[in-house]
Each structure stands twice: as C-alpha cells, then as structure tokens.
Amino acid sequence: MAKKHIHIIGGGLAGLSAAVFLSSRTDAQIALYEGSPTFGGRARSFYDSKLDRLIDNGNHLILSGNDAVFDYLNKIDSMNSLTSSGIPLFPFFDLDENKHWDVSLSNGRFPWWLFSKNRRVPGFKLPELMALWHLIKANHSQTVADCLVNGEFSRRLLKPFAISVLNTSCEVGSAILLGSVVRQSLLKGGKACVPYFPKKGLSETFVKPALSLIKLQGGKIHATSRLSELHRQDGYVDYFIVNNEKIELNSEDQVILAVNPYTARQVLSPILPDIPLPDEFESILNLHYKVDFALQMKGSVEKARFIGVIGGISEWIFVKDGVISVTVSAANRFTGSDPENLSKLIWQEIRKTLEPFLFSPLPEYVPSYRLLWEKRASFAATIEQNKRRPSCYTICPNLFLAGDWTATGLPSTIEGAIRSGYKAAQAIL
Ligand SMILES: Cc1cc2nc3c(=O)[nH]c(=O)nc-3n(C[C@H](O)[C@H](O)[C@H](O)COP(=O)(O)OP(=O)(O)OC[C@H]3O[C@@H](n4cnc5c(N)ncnc54)[C@H](O)[C@@H]3O)c2cc1C
C-alpha cells in the first residue's frame, strides 16, 4: 500500500512548526514546500553585503510567557541560540521630555513593581490600572482606545505595548486581541515577561535547526516550490500544482496550507469561495545601521540590549553586535516618506535616546544603513479583520489551514504562528 503523505505548503514558522510536530508523531511521509529559495517567511535573517552584517528582516522580540515558542525551540534544540537579560526589564526614553526610566516588573503575579517609583512608569496613578481590567474584559466590538484610561501609564507603557503587539493603531486596534496578550504576559507577572531575541539571527534560531530536525525525522524539504493551484473534486483536494508539476493525492493524503493570507486567497477562492480571510494589512519598517565605531554601553540598556522610545518615529531600538536596529510598527502612516530623510531623523532619535547609556556619543553622520519595509508584515488587527480569521478546519476534510492570520485568538506573532502550526498538525492526527 502506498505510504500516506502529508503536504505542508508554506515554510514560515506555521509550516515549519507543523512539520516539526508531525515528522516526530506519524509514519506518514511529510513534505514541506516553500515558494521562495529560503525558509522562514516573515521571520528570517540574511547576509547583507552592503552592511557586511547578518541582519533580520525585522527585529523580533519574544517573551518568556510564549509557551508554544519555547516548546518549539526545545523541540528543535535551539534554546541556546537566544539571548536575554534574564529579567523582566524594559528601559524607555521619552524624546519630548528628554527623560529615561526603566519598567522593571516583579516576578510574581502581584504587581509590587507598581508601588516602587524606580520600577514603574513615571506619573503612574492607581486608577489608570482600570485600563488592564477593561482590556481583559473587552468584547469583540471594542478598540484598544475604548479601554485605555488617560494618563502616563497609557501614554508611556500601554500605547507603545499595544502598537508593537498589534501592529495597528490603538484607535482601530482590537481590544480583545490585546487583552489576550495582556492575560498571557503582564497578568502572569514578570516571569512571563522576560524578553528574548536571537543571538545571531532569526533563521539561525527558528529556521535552520527546524529544517535539520525535519530532515532527520524523514521529512522532505522543497525550496523554490511555489503552489499555484489547489484542486477540489467530490469535496476533497485531489491534486495541487507546484512549479507547474501536478501532485496527486491519494484518499488518505492531507494538506496543510500555511502560506500568507493573500496567497491563501488566490488559491482558496476557486475551491472555497465563501471562506473569510483577512484582507487588510499593516507594514513594519526596520532600519539597520552599521556600527563600525566603538560602542561601549552602560546602565539598563547594556543589560537589556534594547530600549522603547516615546514621542518619536522610532519605537524600539535594538543594540546588536555590529548593528543598531530600529523598529517602527503600524508603518502604513509613513508610506511615501523619503527613505533618506527617515534614516536621518531616526538616526538623530537614536543618538538622543542612547546618549545616557554610552560612554562616548554616537557619530553625528548617518552610518551606512539598510531600510527594510515589510509591506504586509501582519493582518491589520482591527475588529473587522479579526472576525475574518478562519479556523484551521475547512469544508474539505483533507485540507487544513495554518498561519498567524488563522483564528488563534492572538495578534500576528511568532506565538500565534507556531500555535496555528501545532493546531493544524493536531487536527490531522
Ligand atoms: C518586521 C516584522 C517584525 C515582527 N516582529 C515580531 C515580534 O517582535 N514578535 C513576534 O512574535 N512576531 C513578530 N512578527 C510577526 C511574525 O514574524 C509572524 O507572525 C510570523 O513569522 C508569521 O509566520 P507564518 O508562518 O504564519 O507566515 P509567513 O512567515 O508569512 O509564512 C508563509 C510562507 O509561505 C510562503 N509562501 C507564500 N506563497 C507561497 C506559495 N504560493 N507556495 C509556497 N509557499 C508560499 C512564504 O514565502 C512564507 O515563507 C514580526 C513580523 C515582521 C514582518
């Protein structure tokens, strides 16, 4: 009898996590197809010849409370590729007020940090905590802005947290999505909020070890293999086309579609015309500046290796080996801006923000830089778009969906992508 095949199409973190999970749990032949030459999708690193540095397509931060992420990293034996201060420390700088502070959470669930002036947001007032209550109790029709309480706690912590988590402005961002992240991070206390990021690069942490494990477990990996059609006959997917090659399915075979939502729309609309899918997106802008001058850090940024910025274009500045990188979320608002001008303005923000943490100031000239604009970095995490996220099950019994845009209950995050991959894999078993 022919061996059962499970075809996973899309080699981002959703597809990779489904393949990692299934290749260890089933005798079926696992085949993973990726349309581009490299795997990782929206979370990948590459060597940039202009900067002569390994850089990420975008800075990615994960938190210790991201259970699926850490489970995945354990499975692929990649925990040692992460770096962290090991404590829930978040330095911030307010450009308007030229002021620095550290948010330093207490480990347990009780928020002792809110009672210490040195550990909380300056200007915090107790009634502002109601915002957290509103967020975790939010319903499907409320925006983040509906839940916030005016004051410094919102301006200096919840708003920047919301925009980077949702990649969508607070005015239209879904409160229920932010509430689910608050429940899994802030409400669990500092032990769930320790920030981590890759020591070298995203591919080195999340992608390459996963591909090695999938191969070791007998899975087949196909790069540069683009899906152009899924065909449905008598309710089941009976074949699909990759690079003009027809791949026929036997009655036992199954497919996990783990591509991005716009590709999903193209291939699903002929066979599942009524399926709702997110169709509005937000971009993320990353600027990587080459550091080829002495950079000696001190204070909390030396420990954390990143800092949140209030009152500027920049939102987070990451200090990495040989590179200073800036993230700007919900960046559609900067469409049409002159890249050179942006790079100059952002470099001035970096100089001002990092000055208190450096033994000698950064140079005035703008160093060599790479601007990366991920135009469809995430679905827009609005109330309407959240309602358009499909389940992993479809009306075709042998077709399952995975991706950060499926109904994970989370915004577009690595945690959401990996959970969706696991969920589709579990649905198959
Ligand atoms: C700049 C940026 C910063 C981010 N920062 C963070 C962060 O700090 N923390 C966090 O948790 N998350 C962050 N995210 C979100 C995170 O990267 C995504 O949620 C996650 O990578 C999505 O994985 P995915 O597998 O669902 O989708 P994708 O990564 O989009 O994977 C889909 C894959 O399908 C492939 N594909 C598409 N069409 C076809 C086809 N026709 N045939 C075959 N293959 C195809 C694509 O090439 C891609 O590899 C960030 C994202 C970006 C872009």
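In this text the structure is predicted, and so the values were computed from the model without any measurement. Start at 1 and go down the list; that is how both ligands and their atoms are numbered. Start at 1 with the first residue, then count along the sequence.
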Checklist entry - Are the aromatic rings of F153 and F124 close, with centres under 6.0 Å apart? => result yes
Checklist entry - With a 4.0 Å heavy-atom cut-off (strictly under), which part of I284 contacts ligand 1: side chain, backbone, both or neither? => result side chain
Item to check | Centroid-centroid under 6.0 Å between F206 and H60 rings | outcome: no
Checklist entry - Below 3.5 angstrom, do we get any N/O pair linking G403 and ligand 1? => result no
Checklist entry - Where is the nearest protein heavy atom to atom 27 (O) of ligand 1: which residue, which atom, and how far? => result R42 NH2, 2.9 Å
Checklist entry - Under 30°, 30 to 60°, or over 60°: which ring-plane class applies to Y393 and F400, parallel, tilted or perpendicular? => result perpendicular
Item to check | Note: D94-R155 ion pair, threshold 4.0 Å (strictly below) | outcome: yes
Checklist entry - Under 6.0 Å between the ring centres of W405 and F379? => result no
Item to check | atom 41 (N) of ligand 1: the protein heavy-atom neighbour that sits closest, reported with distance to 0.1 Å | outcome: L227 O, 3.0 Å
Item to check | Output field: ring centroids F93/F357 closer than 6.0 Å | outcome: no
Item to check | Nearest candidate to atom 51 (C) of ligand 1, where distance is taken over non-hydrogen atoms, out of E374, E415, H60 | outcome: H60
Next on the checklist: Evaluate N260 for polar contact with ligand 1, using N/O atom pairs at a separation under 3.5 Å.
Outcome noted: no
Checklist entry - Can we call the ring centroids of W316 and F197 under 6.0 Å apart? => result no
Next on the checklist: Salt bridge check, E34 against K220: does any charged N sit closer than 4.0 Å to a carboxylate O?
Outcome noted: no
Checklist entry - Near S412, which atoms of ligand 1 are under 4.0 Å from a heavy atom of that residue? => result 15 (C), 19 (O)
Checklist outcome for this item: Here the atoms of ligand 1 under 4.0 Å from any heavy atom belonging to G41 are 29 (O), 48 (C), 49 (O)
Next on the checklist: I need the atoms of ligand 1 closer than 4.0 Å to a non-hydrogen atom of L13, numbered in the order shown.
Outcome noted: 23 (O), 25 (O)
Checklist entry - Is the shortest side-chain N to carboxylate O distance from R370 to D48 below 4.0 Å? => result yes
Next on the checklist: Need the ligand 1 atom indices (1-based, order shown) with element for anything under 4.0 Å from a heavy-atom of R226.
Outcome noted: 38 (N), 39 (C), 40 (C), 41 (N), 42 (N)
Item to check | Polar contact flag for N286 and ligand 1 (N/O pairs, less than 3.5 Å) | outcome: no
Next on the checklist: Is there a polar contact, in the sense of an N or O pair closer than 3.5 Å, between T263 and ligand 1?
Outcome noted: yes
Next on the checklist: Starting from atom 10 (C) of ligand 1, what is the nearest protein heavy atom, named by residue and atom, and what distance separates them?
Outcome noted: I414 N, 3.5 Å
Checklist entry - Of all the atoms in ligand 1, which lie at a distance below 4.0 Å from a heavy atom belonging to G58? => result 1 (C)
Checklist outcome for this item: for atom 32 (C) of ligand 1, nearest protein heavy atom and its distance come out as A258 O, 3.5 Å
Checklist entry - Excluding sequence neighbours, so at least two apart, what forms ring-ring contact (aromatic ring centres under 6.0 Å, His included) with H7? => result H5, Y33, F240
Item to check | Residues D404 and R42 bridged, charged N to O under 4.0 Å | outcome: yes
Checklist entry - Quick one: nearest non-hydrogen protein atom to atom 21 (O) of ligand 1, plus distance? => result A43 CB, 3.8 Å
Checklist entry - With sequence neighbours excluded, what pairs up with H134 under the side chain to side chain contact (heavy atoms under 4.5 Å, CB included) test? => result M130, C147, V149
Item to check | Numbered atoms of ligand 1 (with element) below 4.0 Å of G35, judged on heavy atoms | outcome: 43 (C), 44 (N), 45 (C)
Checklist entry - T413 heavy atoms, cut-off 4.0 Å: which ligand 1 atoms fall inside? => result 10 (C), 11 (O), 12 (N), 19 (O)
Checklist entry - Got an N/O contact under 3.5 Å between A377 and ligand 1? => result no
Item to check | Check ion pair K4-D253 (N to O, under 4.0 angstrom) | outcome: no
Next on the checklist: Within the structure, is a non-hydrogen atom of N59 found at a distance of less than 4.0 Å from ligand 1?
Outcome noted: yes
Checklist entry - Under 4.0 Å from any heavy atom of S225, which atoms of ligand 1 are there? => result 42 (N), 43 (C)
Checklist entry - With distance as the sole criterion, is a donor-acceptor pair present between the side chains of D71 and Y422 under 3.5 Å? => result yes
Checklist entry - In terms of side-chain geometry, is the basic nitrogen of R388 or E384 positioned less than 4.0 Å from the acidic oxygen of its partner? => result no
Next on the checklist: What I want to know is whether I62 and ligand 1 share at least one N or O pair that is separated by under 3.5 angstrom.
Outcome noted: no
Item to check | Protein contact of atom 31 (O) of ligand 1 - nearest heavy atom, named by residue and atom, plus distance | outcome: G12 CA, 3.4 Å
Next on the checklist: Counting non-hydrogen protein atoms only, what is the nearest one to atom 35 (C) of ligand 1? Give residue, atom name and distance.
Outcome noted: E34 OE1, 3.3 Å
Checklist entry - Can you tell me the protein heavy atom closest to atom 9 (N) of ligand 1 and the distance? => result L61 O, 3.0 Å
